[in-house]
Structure formats: structure tokens, C-alpha cells
Amino acid sequence: MTRDIIKRYTNGEVTVIWQPSICEHSAICFRGLPAVFDPRRRPWVVLDGTPTDAIVAQVEACPSGALSIEREKPE
Ligand code: SF4
């Protein structure tokens, strides 16, 4: 049952959601932002140290929709 796996990674401002079952492994995310997306690392998504705007822009470039963003609600 790998179909329903959803991984979530947060930096306190946004949460990056990754759905492995629809990822096309097109490499666009880790070519574009290797500090955040690195498939050789576990976890392969690390948000610390990268501006949220850059993370959001890269997530929006994912061609399959495997990556998406959830914004934290203001207190
Ligand atoms: S850009 Fe999207 S489809 Fe491509 S490897 Fe990254 S998560 Fe997967």
C-alpha cells in the first residue's frame, strides 16, 4: 500500500507535502534547489536554511503535482 503515503516537511512557515506515488522522478526539484531536495539524503527534503519563497517557487515547478505547499496559519 504505497499509494497513500504522504510525507510532510515543515519549517514553521510552510509545509512541503510530497506524495511519492505520483512523483515522476523528473529531477526538476533537486536540479533547481539541491540544498532542499536531495534524494541521496534522508530525509531527502530539508527546508532549514533556504528562504520560504524559494521553496514555494520550486514546489510550484513540480510537473507531476507530487509536491505541494501548505501554509501555516497565522496565530
Ligand atoms: S519535481 Fe516533482 S515529480 Fe520531479 S522529482 Fe521532484 S517531486 Fe518528483
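For ligands, and for the atoms within them, numbers begin at 1 and follow the listed sequence. Just the heavy atoms: all of them, side chains too, but no hydrogens, waters or symmetry mates, feed the values below.
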Item checked: Within less than 2.8 Å of atom 6 (Fe) of ligand 1: protein N, O or S atom count -> 1

Note to self: Taking 4.0 angstrom as the limit and counting only heavy atoms of Pro63, give me the atoms of ligand 1 inside it, by number and element.
What the structure shows: 1 (S)

Item checked: Separation of Ile55 CD1 from Leu67 CG (nearest 0.5 Å) -> 11.5 Å

Check: Any sub-3.5 Å donor-acceptor pair from Ser64's side-chain atoms to Ile22's backbone N or O?
Finding: yes

Next item on the list: Look up atom OG in Ser68 and atom CD in Gln19, then write down how far apart they are to the nearest 0.5 Å.
Entry: 6.0 Å

Next item on the list: Any chance you could measure Ile28, atom CD1, to Leu33, atom CG, to the nearest 0.5 Å?
Entry: 13.0 Å

Margin query: Checking the side chain of Arg42 only, and the main-chain atoms of Trp44 only, is there a donor and an acceptor separated by less than 3.5 Å?
Written below: no

Notebook entry, point to check: Rounded to the nearest 0.5 Å, how far apart are CZ of Arg41 and CZ of Phe30?
Noted result: 11.5 Å

